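The structure under discussion appears below in the form of structure tokens.
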Amino acid sequence: MHINCPQPDLLNAVQKVQRAVATNDNLPYLTGILIKAHNNKLTLHSTDLDLGIKFSFETEVLIEGDILLPARIFAEMVRKLPPIDLSIKSLDNNMVEITYHQSKIQLNCFDPSNFPSFPTVEASFQIKSQANILKEAIRKVSIATNSDDLQSIFNAILLEKKQDQESFNLVATDTHRLAVYNSNGIRNSETTLKALVGSRALNELARMLSNDESQVILTVGPNQIVVEHENLVLYARLLNDKFPHYRQIIPQSASTTLKINTKELLETTERATLLARDELKPRSHLVMLKIDDTLKISSEAAEVGKLEEELTADIEGQPIEIAFNGRYLLDTLKVIDSQEVVLEMQAPLKPIVVKPADNDNYLCLILPVRIHKQL
Amino acid sequence: MNSNVQAKNPGTLSIALGELEGRLNEVLKEVRRLRNQARTLEEENQRLRAFMYSPLEGENGRQQLLRLYQEGFHVCPLHFARVRDGQGCLFCEGFLEKKGAFPYG
């Protein structure tokens, strides 16, 4: 193989595929990046067998061929090279030579025939979306995934759609909260086509998607999902587990409704959560919401102090006192872009619904916490 | 190649094989021990489950589920009897509410 390519193009490609390179060296060739040079096109591949990324770009190919380079050192080297044209040539004995200016680097590489080929996925169903919409959807629901157990359904995002419709749902839960996004407004009707994808794969996808209206095609097969966007192809294994029936836990009515400025509530919740940090229970940031004619937010930590803030809000319905993990509300408010947010409550211990005021395509359910007063 | 090694150092190969056999025996012994331990733990687990799921005196099915939930176990169909992480579970509470026994609300 012999190619000439500009360093910025190569660096961009390497940075994209590097995220799927295996981190442990049980299978050493998975710690490499496979580079294929054919038809004046360079295609970089990487996989850790759960996630695979393929990225192509046009370049000058003098001699076609494949090389498998150790990812860590190659990526670091490309990052540190000057932004000029590089010549990359494979030598005998599994060596690769990178030439720039009057300098050259020789790197040992693996046998490219050891690298696994990417699967051909037979489509069970397909979703076509815009890059910016999908990116936003993933960002909004991935807040409800739990990052402790990578193979759990609580670290996965459910992708679902109806047979004849273009709109799709993304759903995630860690059992304490549930986030639902629908590209066309949330409807409480059953969907027939479903796939459970690890949140890591979708977060990597969101990171690489451009923030524009370019098309993204998601092809879901029996065991894999393939996402195609411009020069990028991402493969991920589907989880075989069942996702809980989430529709039945979404409240259909509310006894108290609150409409409030998102930024104000976010800033107050940030302050309240900061104070509610519990050294003994690091995940429990207990924040109290007291609603009657006004809205009061309070929190306290035994040896730190307490906070109470009153906020202006449109309040409808019954007075209520409700306690919850402030961190969960904070995560939700950070992904809501609308100027105003709506909080719907039924009872002190039933889930709170948080959603944007001007858009019905997203909601997040937060389970309150029982506090001593409510015993 | 092996026969060459044996011819040059007749004792080396048999010593190496002896060492390998010794190590394999140790590994087999450990596997047997772990298998026995796993069996004991499974039996213990079964006894504990039977004890846990048996209703207390005067307790009906709903109350039993509620008690399990309050004792820190999932009662939702998907994760039934798995340990919860201390915070509530939306699906357990949804399930209990459907059964007419919402825990606290």
Side-chain angles (χ1 to χ4, degrees), chain A residues 144 146 148-149 152-154 156 158 171-180 196 241-252 255 278 280-286 320 322-325 327-328 345-353 363-375, chain B residues 1 20 23-24 26-28 30-31 34 37-38 41-42 45-46 48-49 52-53 55-56 58-105:
Chain A
N146 179 354
D148 289 349
D149 180 3
S152 154
I153 60 154
F154 305 126
L158 177 73
V171 191
T173 181
D174 61 2
T175 74
H176 314 304
R177 52 193 162 160
L178 171 91
V180 186
L196 202 52
D241 286 325
K242 277 186 184 166
F243 195 83
H245 296 289
Y246 70 90
R247 284 187 173 80
Q248 62 196 31
I249 63 162
I250 300 176
Q252 298 304 309
S255 61
D278 188 337
L280 297 173
K281 294 181 191 167
R283 287 187 174 183
S284 138
H285 301 266
L286 205 64
I320 193 170
I322 201 160
F324 53 88
N325 187 332
R327 194 81 241 166
Y328 295 164
M345 286 146 280
Q346 288 176 290
L349 289 155
K350 292 193 182 178
I352 309 169
V353 179
L363 67 81
C364 186
L365 243 64
I366 300 172
L367 188 67
V369 176
R370 182 170 55 150
I371 51 170
H372 295 302
K373 270 189 208 172
Q374 292 163 333
L375 276 171
Chain B
M1 188 182 154
L20 187 65
R23 276 188 208 161
L24 271 176
E26 277 171 30
V27 171
L28 278 174
E30 181 65 8
V31 167
L34 287 173
Q37 196 179 2
L41 286 173
E42 263 171 31
N45 210 6
Q46 246 173 359
L48 285 173
R49 273 173 200 266
M52 204 167 80
Y53 303 151
L56 298 178
E59 190 183 50
N60 63 24
R62 271 190 216 152
Q63 289 164 332
Q64 193 188 342
L65 286 175
L66 190 54
R67 176 173 56 82
L68 274 178
Y69 180 69
Q70 286 168 338
E71 284 174 359
F73 297 94
H74 280 279
V75 293
C76 53
L78 202 64
H79 296 99
F80 188 76
R82 290 196 200 167
V83 178
R84 291 194 290 119
D85 64 357
Q87 300 182 67
C89 167
L90 278 165
F91 301 97
C92 290
E93 302 216 357
F95 181 69
L96 288 166
E97 187 183 26
K98 208 172 78 177
K99 292 264 170 195
F102 197 88
Y104 320 108

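Just so it is clear: chains get the letters A, B, ... in the order the sequence lines come, proteins before strands, and each one is counted from 1. No experiment lies behind these values; they were computed from the predicted model shown. Basis for what follows: all heavy atoms, side chains included, without hydrogens, waters or symmetry-related copies.
No other option in A:Asp174, A:Leu365, A:Thr173 has as many heavy-atom pairs under 4.5 Å with chain B as A:Thr173.
Atoms CD and CG, on B:Glu97 and A:Leu349 in that order, are 11.5 Å from each other to the nearest 0.5 Å. The structure places NE2 of B:His74 at 5.0 Å from OG1 of A:Thr175, a figure rounded to the nearest 0.5 Å.
Under the 4.5 Å side-chain criterion, counting only non-hydrogen atoms from C-beta, A:Leu178 is in contact with B:Phe91. No side-chain heavy atom of A:Leu367 sits under 4.5 Å from any side-chain heavy atom of B:Gln87.
Judged purely by atom type and a 3.5 angstrom limit, A:His176 uses its side chain to pair as donor or acceptor with the backbone of B:Gly88.
The two residues A:Ile249 and B:Gly94 come nearest to each other via the heavy atoms CG2-CA, 4.0 Å. A pairwise comparison of heavy atoms in A:Pro351 and B:Leu90 identifies CG-CD2, 3.6 Å as the closest pair.
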